[in-house]
Amino acid sequence: MLKLISTLSIGVLILLASIFLFLGILDATKVNISMLIGTIIWFIVTPLWMKEE
């Protein structure tokens with residue numbers, strides 16, 4: 001479950017948001033907030049699932 005959250009934070013909140021910015025679907029402010037949230041989630045969750053393995 002933690003790996004899924006980590007993957008979604010990178011895949012959706014960071015990568016997809018940057019693609020939407022490039023395509024003009026989202027503005028820079030929303031993308032910046034999304035990327036910040038994704039990065040925070042990733043830094044919190046990733047060490048937790050790495051401990052489990």
Side-chain angles (χ1 to χ4, degrees):
M1 181 68 175
L2 293 173
K3 277 188 178 183
L4 178 64
I5 294 170
S6 178
T7 303
L8 288 176
S9 71
I10 291 291
V12 174
L13 293 174
I14 295 176
L15 295 176
L16 193 60
S18 62
I19 292 170
F20 283 169
L21 176 66
F22 180 74
L23 295 175
I25 297 171
L26 291 175
D27 62 351
T29 305
K30 290 179 182 175
V31 171
N32 287 341
I33 292 169
S34 173
M35 289 180 154
L36 178 63
I37 292 169
T39 302
I40 291 169
I41 291 171
W42 187 84
F43 272 104
I44 291 171
V45 172
T46 301
L48 296 175
W49 66 257
M50 289 179 79
K51 282 183 190 177
E52 290 179 359
E53 291 185 0

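Please read these numbers as outputs of a predicted model, since none were measured by experiment.
The stretch residues 7-26 participates, sequence neighbours left out, in no salt bridge (charged side-chain N to carboxylate O under 4.0 Å, His left out) pair at all. Contacts classified as side-chain hydrogen bond (donor to acceptor under 3.5 Å, both in side chains) and involving residues 13-36 (residues at least two apart or in different chains) are not found. Applying the salt bridge (charged side-chain N to carboxylate O under 4.0 Å, His left out) test to every pair with at least one member in residues 3-13, sequence neighbours left out, gives these pairs: K3-E53.
The line from CD1 of I19 to CG of L26 is 11.5 Å long, rounded to the nearest 0.5 Å.
With sequence neighbours left out, L48 forms a side chain to side chain contact (heavy atoms under 4.5 Å, CB included) with L2. Residues satisfying the side chain to side chain contact (heavy atoms under 4.5 Å, CB included) test with I10, not counting sequence neighbours, are I14, L15, W42. With sequence neighbours excluded, the residues satisfying side chain to side chain contact (heavy atoms under 4.5 Å, CB included) with I40 are L36, I44.
Contact detail for T46 and S6: the closest heavy-atom pair is OG1-OG, 3.0 Å.
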